[in-house]
Each structure stands twice: as C-alpha cells, then as structure tokens.
*Asks:* 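The structure under discussion is supplied below as structure tokens; questions concerning it will follow.
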Number of protein chains: 2
Amino acid sequence: MTDDDRVFKALADPTRRFLLDLLFAREGQTLTELESAVAMTRYGVMKHLKVLEEADLVVTRRSGREKLHFLNAVPIREVHDRWIDKYTERHVAALIDLKNELESER
Amino acid sequence: MTDDDRVFKALADPTRRFLLDLLFAREGQTLTELESAVAMTRYGVMKHLKVLEEADLVVTRRSGREKLHFLNAVPIREVHDRWIDKYTERHVAALIDLKNELESER
DNA sequence: TTGACATGTGACCTTTTGGTCACCTATCGT
DNA sequence: ACGATAGGTGACCAAAAGGTCACATGTCAA
C-alpha cells in the first residue's frame with residue numbers, strides 16, 4: 001500500500017475525518033478526550049487513530065500514562081499538491097464554472 | 001451518506017483513482033476502453049464507475065450503444081475547498097473572495 | 001502500596017467492499 | 001435479419017473494514 005493510498009483510505013471514513021476536526025480545533029488531545037466526543041467505545045476510536053497514525057495524518061507524544069495526539073497536515077498537502085490540483089485547475093476552472101452557473105440561472 | 005462522504009469513499013480506492021487518471025488523460029472513453037487499461041474484468045470496472053458516478057466524479061453520455069465517460073472535477077474542488085484547505089492553509093483567499101463577491105451580486 | 005485511571009492487544013462478529021460469473025438487452029454493420 | 005459488439009443486472013464469494021469485548025500493562029496520586 002502506497003502512502004497516498006493510506007492517506008486516501010484514512011480520509012474515507014467520516015469518524016476519522018471528525019477526529020481530525022477535533023484535533024484541528026484543539027491539538028494534543030488524549031484518547032479519552034477524543035473518545036468522549038464520538039458515539040463509540042474507546043476501542044473503536046483507538047482503531048481509527050491507529051489508521052490515522054499509519055497514514056501519518058496524526059502524530060503522537062507520550063506524556064506519562066497519557067498519549068497526546070496531534071494533527072499533521074503534511075500528507076494532506078502532499079495529496080493535495082500531487083493529485084487534487086491536477087483535477088481542480090482552481091483559479092481558472094472555478095471561475096469558468098461559476099460563470100456558467102450564473103449564466104444558466106438567468 | 002453525505003456528498004462529501006461519497007466523494008472521499010470514491011477516492012479511497014486506487015483503481016478508481018486510476019480510472020479518473022485515465023479520464024483526465026482522455027475524456028469520453030467507453031467502458032470497453034477503460035476496461036482494457038486495468039487488470040480486471042468489465043464487471044469490476046463497471047462497479048467502480050458506478051461508485052464514481054454516484055459521487056458525481058464521473059458524468060456520462062450515451063452515444064448509441066456506447067457510454068462515454070467524463071471526469072467531473074467539481075466535487076473534488078468542493079471537498080478541496082471545504083475541507084482540505086482548512087488543514088493546508090493554502091492561498092485561495094483571492095478566489096474565494098471573488099466567488100463571494102460574484103455570488104452576492106445575484 | 002493500592003486503587004483508580006489511561007492506554008494496549010487479540011479474538012471475535014457483522015457489514016461493506018472488491019471482484020467474478022451467468023445471463024440479458026440494446027445497437028451496430030453488413 | 002443476424003452475428004458481433006457494447007453495456008447492464010443480480011447472485012454470489014472472499015477479503016477488508018468497522019466495532020465491541022475480555023483481559024492486560026503501565027502510571028498517577030493519596
């Protein structure tokens with residue numbers, strides 16, 4: 001499995017995207033903190049965090065008995081740059097689409 | 001299942017990303033053409049294309065007995081703008097401002 | 001030092017996903 | 001008209017993913 005593949009697969013699950021949202025809102029949360037924010041047992045959250053870690057979307061630091069989780073945006077940026085930009089051609093395409101959209105509404 | 005979810009799930013599979021690559025390289029390919037480019041039966045490709053269509057990443061047009069497939073980058077851009085930029089802090093402010101400006105003129 | 005707390009592991013189950021196949025319909029060219 | 005060609009459907013199967021649980025280790029704090 002390639003790095004890209006791991007990242008895309010990790011992003012495919014809504015719970016995992018929500019965990020990233022939580023870490024984006026506040027870095028350094030523990031498993032227990034994250035667990036309390038989703039309707040799922042600790043074990044489910046652990047599995048999701050493991051997937052995110054293996055995709056390098058989350059990095060961790062031990063602090064005593066706690067494990068702190070941090071969002072790492074680098075893989076997202078890489079996927080973004082290597083793959084998504086190719087299809088979005090943003091600055092030009094967005095304007096063209098918007099123009100068409102507005103014209104069709106007249 | 002939300003639109004976002006469908007798009008992320010569709011992008012999670014490497015074969016589907018490859019199909020998008022193929023359509024990016026040459027638009028309007030038929031099922032048979034696409035099939036010949038991947039190590040899989042026609043039925044497998046059909047299933048993947050169905051997932052891509054349901055995510056609106058691929059749009060189609062019938063032409064006689066052929067079905068032509070086209071890449072549609074709009075959902076990718078939406079996911080990109082709504083979700084990925086949040087983590088990558090890209091410089092898209094100008095475009096977004098312009099979009100908002102144009103939209104407010106409606 | 002001992003009980004509560006934070007995390008970890010492996011087995012287990014269910015649902016989803018990826019893929020194939022038999023069979024079917026529609027359309028083209030001659 | 002008719003064979004070849006393009007695409008479609010539903011059943012089916014194996015593998016992977018999502019989730020829970022029993023049990024286990026390490027760490028804090030009084």
Side-chain angles (χ1 to χ4, degrees), chain A residues 1-23 26-71 75, chain B residues 1-23 26-71 75:
Chain A
M1 183 143 68
T2 70
D3 285 356
D4 271 20
D5 208 9
R6 256 183 291 273
V7 174
F8 276 114
K9 275 220 163 68
L11 294 178
D13 184 274
T15 300
R16 287 196 288 268
R17 291 198 302 277
F18 183 61
L19 288 171
L20 294 182
D21 287 342
L22 291 174
L23 292 178
R26 186 161 59 83
E27 296 251 286
Q29 296 192 62
T30 66
L31 169 60
T32 311
E33 285 172 319
L34 294 170
E35 175 204 347
S36 70
V38 299
M40 192 182 302
T41 66
R42 184 165 62 85
Y43 313 102
V45 178
M46 274 184 56
K47 277 205 181 179
H48 283 306
L49 287 174
K50 189 177 180 220
V51 172
L52 290 170
E53 277 190 65
E54 285 171 354
D56 201 31
L57 286 164
V58 162
V59 294
T60 63
R61 199 179 70 223
R62 285 305 293 225
S63 169
R65 62 180 160 181
E66 294 184 331
K67 185 175 181 183
L68 309 181
H69 298 77
F70 299 84
L71 173 65
Chain B
M1 182 140 72
T2 70
D3 285 356
D4 272 18
D5 207 12
R6 258 184 289 273
V7 174
F8 276 115
K9 275 219 163 69
L11 295 179
D13 184 273
T15 301
R16 286 196 288 268
R17 291 198 301 277
F18 182 61
L19 288 170
L20 293 182
D21 287 343
L22 291 174
L23 293 178
R26 186 160 58 84
E27 297 251 287
Q29 295 193 62
T30 65
L31 169 60
T32 310
E33 284 172 320
L34 295 169
E35 175 205 346
S36 70
V38 299
M40 191 181 303
T41 65
R42 182 166 63 85
Y43 313 102
V45 179
M46 274 185 55
K47 277 205 180 177
H48 284 306
L49 287 173
K50 188 178 179 219
V51 172
L52 290 170
E53 277 189 65
E54 284 170 353
D56 201 31
L57 286 165
V58 162
V59 293
T60 63
R61 199 179 67 225
R62 290 294 305 215
S63 169
R65 63 179 159 180
E66 294 185 331
K67 185 176 181 183
L68 309 181
H69 298 78
F70 299 84
L71 173 64

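Nothing here was measured: the structure is a model prediction, and the numbers come from that model. Letters go in sequence order (proteins before strands), and every chain restarts at 1.
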*Asks:* Rounded to whole Å, how long is the line connecting atom CG of B:L11 with atom C1' of C:dT17?
*Replies:*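 Interatomic distance, CG of B:L11 to C1' of C:dT17: 16 Å.
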
*Asks:* Give the minimum heavy-atom separation between A:H69 and A:L31, together with the two atoms involved.
*Replies:*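 Closest pair (atom of A:H69, atom of A:L31, distance): CE1-N, 3.8 Å.
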
*Asks:* Identify the heavy atoms of A:A10 and A:L52 that sit nearest to each other, and give their distance.
*Replies:*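 Closest pair (atom of A:A10, atom of A:L52, distance): CB-CD2, 4.2 Å.
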
*Asks:* Rounded to whole angstrom units, what separation is found between the CZ atom of B:R6 and the P atom of C:dT17?
*Replies:*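 To the nearest whole Å, that distance equals 12 Å.
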
*Asks:* Near DNA chain D, which residues from residues 30-42 of chain B have a heavy atom under 4.0 Å away?
*Replies:*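 Of all residues in residues 30-42 of chain B, the ones placing a heavy atom under 4.0 Å from DNA chain D are B:T30, B:L31, B:T32, B:R42.
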
*Asks:* Can you check the B:M46 CE to C:dC23 C1' distance for me, whole Å?
*Replies:*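 The distance from CE of B:M46 to C1' of C:dC23 comes to 13 Å, rounded to the nearest Å.
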
*Asks:* Look up atom CG in B:L19 and atom CG in B:L71, then write down how far apart they are to the nearest 0.5 Å.
*Replies:*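 The CG atom of B:L19 sits 11.0 Å away from the CG atom of B:L71.
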
*Asks:* I need the CE-P distance between A:M1 and C:dT17, as an integer number of Å.
*Replies:*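 Going from CE in A:M1 over to P in C:dT17 covers 16 Å.
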
*Asks:* Mind listing the closest non-hydrogen atom pair of A:R65 and A:R62 along with its distance?
*Replies:*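 Heavy-atom minimum between the residues: O-NH2, 3.5 Å.
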
*Asks:* Reading DNA chain D 5' to 3', which nucleotide is the first, and which the last, to come under 4.0 Å of any heavy atom in chain A?
*Replies:*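 Boundary nucleotides touching chain A, in 5' to 3' order, are D:dA17 to D:dC28.
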
*Asks:* Under a 4.0 Å heavy-atom cut-off, which of residues 57-65 of chain A touch DNA chain D?
*Replies:*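 Contacting residues: A:G64, A:R65.
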
*Asks:* How does protein reach along nucleotides 11-16 of chain C, written 5' to 3' as B (base within reach of a heavy atom under 4.0 Å), S (only sugar-phosphate), or - (no contact)?
*Replies:* ------

*Asks:* With side chain to side chain donor-acceptor pair (under 3.5 Å) as the rule and sequence neighbours excluded, what pairs involving residues 34-50 of chain A come up?
*Replies:*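 Found A:R16-A:H48.
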
*Asks:* Check whether any side-chain nitrogen or oxygen of A:K67 sits under 4.0 Å from OP1 or OP2 of C:dG8, and answer yes or no.
*Replies:*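 So the side chain of A:K67 is within the cut-off, an N or O lying under 4.0 Å from OP1 or OP2 of C:dG8.
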
*Asks:* Expressed as a whole number of angstroms, how long is the span from A:L49:CG to C:dT7:P?
*Replies:*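 It is 10 Å, rounded to the nearest whole Å.
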
*Asks:* Got a second to check how far B:L23's CG is from B:L34's CG, nearest 0.5 Å?
*Replies:*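 Rounded to the nearest 0.5 Å, the CG-CG separation comes to 5.0 Å.
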
*Asks:* Ignoring hydrogens and angles, tell me if any N or O in the side chain of B:E53 forms a donor-acceptor pair with the backbone of B:T60 under 3.5 Å.
*Replies:*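 Side chain of B:E53 to backbone of B:T60: no pair is present.
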
*Asks:* State, with a plain yes or no, whether a side-chain heavy atom of A:V45 is found less than 4.5 Å away from one of A:L49.
*Replies:*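 Side chain of A:V45 against side chain of A:L49, heavy atoms only: contact under 4.5 Å found.
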
*Asks:* Got a second to check how far A:E33's CD is from A:E66's CD, nearest 0.5 Å?
*Replies:*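 So the gap between those two atoms works out to 7.0 Å.
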
*Asks:* Are any of the side-chain nitrogens in A:D5 or B:R17 under 4.0 Å away from the carboxylate oxygens of its partner?
*Replies:*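 Yes, charged N to carboxylate O under 4.0 Å.
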
*Asks:* Of all heavy-atom pairs between B:L68 and B:S63, which one has the smallest distance, and what is that distance?
*Replies:*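 What the structure gives for the nearest pair is CD1-CB, 4.1 Å.
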
*Asks:* So, taking the atom named NZ in B:K9 and the one named CE in B:M1, what distance separates them when rounded to the nearest 0.5 Å?
*Replies:*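 If we round to the nearest 0.5 Å, B:K9:NZ and B:M1:CE are 5.5 Å apart.
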
*Asks:* What are the two closest non-hydrogen atoms of A:A12 and B:A12, and how far apart are they?
*Replies:*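 Taking every non-hydrogen atom into account, CB-CB, 3.6 Å.
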
*Asks:* Nearest whole angstrom, please: distance from the P of C:dT17 to the CG of B:D13.
*Replies:*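 Atom CG in B:D13 sits about 11 Å away from atom P in C:dT17.
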
*Asks:* Nearest 0.5 Å, what's the CD-CZ distance between B:E27 and B:R61?
*Replies:*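 Here the interatomic distance stands at 10.0 Å.
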
*Asks:* Mind grabbing the angle between the end helix axes of the helix from C:dT1-D:dA30 to C:dT30-D:dA1? Five pairs an end, 10° rounding.
*Replies:*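 Nearest ten degrees gives 30° for this helix.
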
*Asks:* In terms of the nearest nucleotide of DNA chain D, which residue is placed more toward the 5' end: A:V51 or A:E66?
*Replies:*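 Here A:V51 is the residue nearer the 5' end.
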
*Asks:* Which heavy atom in A:L20 sits nearest to a heavy atom in A:L57, and how many Å separate them?
*Replies:*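 Between these two residues, the closest heavy atoms are CD2-O, 4.1 Å.
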
